[in-house]
Amino acid sequence: MELPFAESFKIKMVEPIRKSSRPEREQWIREAGYNLFGLKSERVFIDLLTDSGTGAMSDRQWSEMMLGDESYAGASSYFKMKEAILELLGFEHFLPTHQGRAAENVLFSVLIKEGDIIPGNSHFDTTKGHIEFRKAIAVDCTIDEAFDTTLSHPFKGNIDLEKLENILKSKGDKIPFIIVTVTCNSSGGQPVSIENMKMVRQLADKYGKIIVFDSARFAENAYFIKLREKGYQDKTIREIVREMFACADAMTMSAKKDAIVNMGGFIAMRSKELHAKASVFNIMFEGYITYGGMSGRDMNALAQGLYDGTEFNYLETRIRQVEYLGKRLMDYGIPVQQPTGGHAVFVDAKRFLPHLPKEEFQAQTLAVELYLEAGVRGVEIGTLLADRDPVSRENRYPVLELMRLAIPRRVYTNNHMDVVAVALKNIYDRRETIRKGFKIVTEAPIMRHFTVTLDRT
Ligand SMILES: *Cc1c(COP(=O)(O)O)cnc(C)c1O
């Protein structure tokens with residue numbers, strides 16, 4: 001008999017989590033303004049709000065924490081990170097930042113001015129926020145297949161080359177760079193193929209543009225390339241990673257994802273000149289160029305995390321768990337984004353609650369139901385996240401109305417996944433009885449989903 005699959009780690013330290021009663025959860029979520037971000041984490045049983053900064057570090061990372069060099073300038077921890085970035089990603093220059101959006105803030109301060117256009121594949125919310133904050137426009141050039149959750153396509157993160165070339169042709173003088181998000185978070189943790197990256201590179205060269213990779217989940221992207229793209233089966237994850245980044249001129253990184261640290265980020269680039277320009281903003285916003293908002297110990301753990309995160313066995317354990325949850329839900333007939341992505345399972349709330357009007361926030365309603373059912377915290381990736389149009393101030397209704405269940409790295413077992421699956425099945429069985437959604441009580445002018453408060457309609 002073939003041996004079953006099992007995790008490529010064992011557990012050395014544990015953290016207790018608590019169950020609660022439904023009446024308790026009803027009170028807590030009401031107090032939180034029906035916003036899952038507003039809950040105390042101790043009131044959550046299984047927390048799938050995000051995979052960002054929520055991973056469990058390895059014993060090797062914890063060892064590195066003790067070796068951190070806290071010198072203000074020229075710390076050995078900085079050079080450890082520099083070496084890992086050069087060896088694994090192939091970039092000669094880098095700047096540490098405290099997280100991914102800080103990397104965006106610094107790099108975009110150099111590259112973007114008012115009126116610019118930044119084409120890419122479904123820009124992440126903070127990326128779009130930093131573009132729009134500078135009165136520039138993010139143009140989504142993702143392939144159309146990405147917006148049909150029932151369609152199975154191996155690389156739903158791909159850029160539609162025709163859409164990209166059209167905008168390069170018509171608005172080229174307004175475009176400072178092209179951004180490629182690997183994997184594409186907003187379209188469901190979906191990968192971009194190497195072939196697509198190479199084609200984008202060709203277009204960028206043709207029109208004289210630089211390419212920035214938004215790289216939070218670059219290693220998960222490489223895993224999918226190894227499994228799905230012709231000619232890559234026998235390459236190592238690290239070889240694929242090098243080939244991916246060979247298509248980019250610069251990258252921003254939220255190390256809270258694939259570098260498996262609780263806080264950290266960086267910008268890396270080939271151009272010495274770009275590094276010099278970005279250094280000015282890094283010093284202003286983040287800190288001196290050899291620590292940029294990070295402690296020495298955190299830079300050490302990040303460097304080790306880049307090695308951990310690019311090991312095949314780790315990635316296989318990680319992504320097979322995501323797949324496992326996706327499969328359990330599909331077996332119950334629950335509509336999920338197919339194929340499942342690298343870091344999360346996305347439940348299609350439009351198909352789950354089709355009778356609820358979109359004005360009442362279908363995905364948010366589903367996320368609140370899931371919390372009430374089992375103390376599981378997911379997150380809305382839909383109308384609340386999409387914000388209002390910056391000019392008309394009307395709600396923007398995205399094509400996909402999703403509830404994301406993001407799985408922290410090396411944290412939960414498949415028993416936890418089973419609880420999530422059964423909780424959603426119970427809701428699915430009584431979905432017809434869910435007749436009321438939510439209305440907004442208070443909201444911020446930008447990135448409202450973090451702090452919005454709601455009430456039942
Ligand atoms: C998380 C993320 C960011 C922002 O990073 P933070 O560390 O949360 O600031 C940017 N882009 C993508 C694709 C991300 O997933």
Side-chain angles (χ1 to χ4, degrees), residues 68-114 116 118 120 123-124 126-127 129-136 175-182 204 208-216 218 245-259 261 263-303 305-306:
D69 176 356
E70 306 302 342
S71 304
Y72 191 96
S76 66
S77 301
Y78 166 82
F79 290 101
K80 221 171 229 177
M81 220 173 126
K82 189 175 169 69
E83 203 180 294
I85 290 168
L86 181 61
E87 184 189 336
L88 296 170
L89 315 178
F91 290 98
E92 206 172 322
H93 307 286
F94 96 102
L95 289 165
T97 63
H98 78 275
Q99 60 184 92
R101 70 199 68 186
E104 291 165 355
N105 188 29
V106 169
L107 186 66
F108 294 0
S109 293
V110 179
L111 297 178
I112 301 180
K113 59 179 191 313
E114 189 173 335
D116 280 353
I118 324 294
H123 309 62
F124 183 64
T126 62
T127 316
H130 274 295
I131 291 170
E132 291 178 350
F133 181 72
R134 288 170 174 80
K135 298 193 163 56
I175 297 174
F177 62 92
I178 300 162
I179 193 154
V180 182
T181 309
V182 291
K209 301 298 172 195
I210 63 169
I211 299 176
V212 176
F213 275 12
D214 183 356
S215 318
F218 72 92
F245 283 111
C247 300
D249 299 284
M251 64 175 285
T252 55
M253 177 72 187
S254 169
K256 301 166 72 172
K257 323 295 178 28
D258 275 1
V261 287
M263 190 53 70
F266 59 90
I267 313 164
M269 63 280 271
R270 282 181 221 297
S271 159
K272 197 174 168 191
E273 193 195 338
L274 181 58
H275 178 267
K277 283 184 182 163
S279 294
V280 177
F281 293 101
N282 213 58
I283 291 168
M284 241 180 358
F285 299 148
E286 292 294 293
Y288 182 60
I289 55 172
T290 63
Y291 74 86
M294 293 187 74
S295 314
R297 53 181 168 271
D298 288 339
M299 290 195 279
N300 269 20
L302 195 167
L306 287 172

Please step through side chain to side chain contact (heavy atoms under 4.5 Å, CB included) for the pair Lys257 and Phe218, ending with a clear verdict. CA-CA 9 Å; Lys257 323 295 178 28; Phe218 72 92; over 6 Å; no

Side chain to side chain contact (heavy atoms under 4.5 Å, CB included) between Asn282 and Thr97, intermediate numbers included: CA-CA 7 Å; Asn282 213 58; Thr97 63; 3.5 Å; yes

Check the pair Ser254 / Gln99 against side-chain hydrogen bond (donor to acceptor under 3.5 Å, both in side chains), numbers first and verdict last. CA-CA 5 Å; Ser254 169; Gln99 60 184 92; over 6 Å; no

Pair Glu70-Arg297, side chain to side chain contact (heavy atoms under 4.5 Å, CB included): steps then yes or no: CA-CA 7 Å; Glu70 306 302 342; Arg297 53 181 168 271; 3.3 Å; yes

Could you go step by step and tell me if Asp214 and Thr127 meet the side-chain hydrogen bond (donor to acceptor under 3.5 Å, both in side chains) rule? CA-CA 9 Å; Asp214 183 356; Thr127 316; 3.3 Å; yes

Between Ile178 and Val212, does the side chain to side chain contact (heavy atoms under 4.5 Å, CB included) criterion hold? Intermediate values first, please. CA-CA 6 Å; Ile178 300 162; Val212 176; over 6 Å; no

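By the 30° and 60° cut-offs, the orientation of the rings of Phe213 relative to Phe245 is tilted.
Looking at Ser271, its side chain does come within 3.5 Å of a backbone N or O of Glu273 through a donor-acceptor pair. Looking only at distances, a side-chain donor or acceptor of Ser215 sits under 3.5 Å from a matching main-chain atom of Thr252. Of the possible polar contacts, one joining the Asp249 side chain to the Ile211 backbone as a donor-acceptor pair under 3.5 Å is found.
Between the side chains of Tyr291 and Tyr78, no donor-acceptor pair is found at a separation under 3.5 Å.
The structure places CZ of Phe79 at 13.0 Å from CG of Asn300, a figure rounded to the nearest 0.5 Å. In this structure, Glu286 CD and Ile267 CD1 are separated by 8.0 Å, a value rounded to the nearest 0.5 Å. With values rounded to the nearest 0.5 angstrom, Asn105 atom CG is found 9.0 Å from Met284 atom CE.
Residues Met253 and Ala259 come closest through the heavy atom pair CE-N, 4.0 Å. Residue Ala303 comes nearest to Lys80 through the heavy atom pair CB-O, 3.8 Å, listed as atom of the first residue, atom of the second, then distance. Minimum interatomic distance between Met294 and Met263 (heavy atoms only, all atoms of both residues): CE-O, 3.8 Å. The minimum heavy-atom distance linking Ala255 with Leu302 is given by the pair CB-CD1, 3.5 Å. Across all non-hydrogen atoms, the minimal contact from Met299 to Thr290 is CE-O, 3.3 Å. In this structure, Asp69 and Ser76 approach most closely via the heavy-atom pair OD2-N, 2.9 Å.
Proximity of Ile118 to Ile112: side-chain heavy atoms (C-beta onward) are separated by under 4.5 Å at one or more points. With contacts defined as side-chain heavy-atom distances shorter than 4.5 Å, the pair Val106/Ser109 does not qualify. Residues His123 and Ile131 are in side-chain contact: their nearest non-hydrogen atoms beyond the backbone lie under 4.5 Å apart. Side-chain contact between Arg101 and His130 is present, with at least one heavy-atom pair separated by less than 4.5 Å. A 4.5 Å side-chain heavy-atom check between Leu306 and Asp258 finds every atom pair outside the cut-off.
Residue Glu83 qualifies as open at atom CD: its count of foreign heavy atoms under 6.0 Å is 12 or below. Within 6.0 Å of atom CZ in Arg270, more than 12 heavy atoms from other residues, nucleotides or ligands are found, so the atom counts as buried in its surroundings. Within a 6.0 Å sphere centred on CZ of Phe285, other residues, nucleotides and ligands contribute more than 12 heavy atoms. By the 6.0 Å contact criterion, NZ on Lys277 is open, its count of non-hydrogen atoms from other residues, nucleotides or ligands being 12 or less.
For the pair Lys272 and Phe94, the NZ or CZ position fails the cation-pi test of under 6.0 Å to the six-membered ring centre and within 45 degrees of the ring normal.
A ring-centre distance under 6.0 Å is not found for Phe133 and Phe108.
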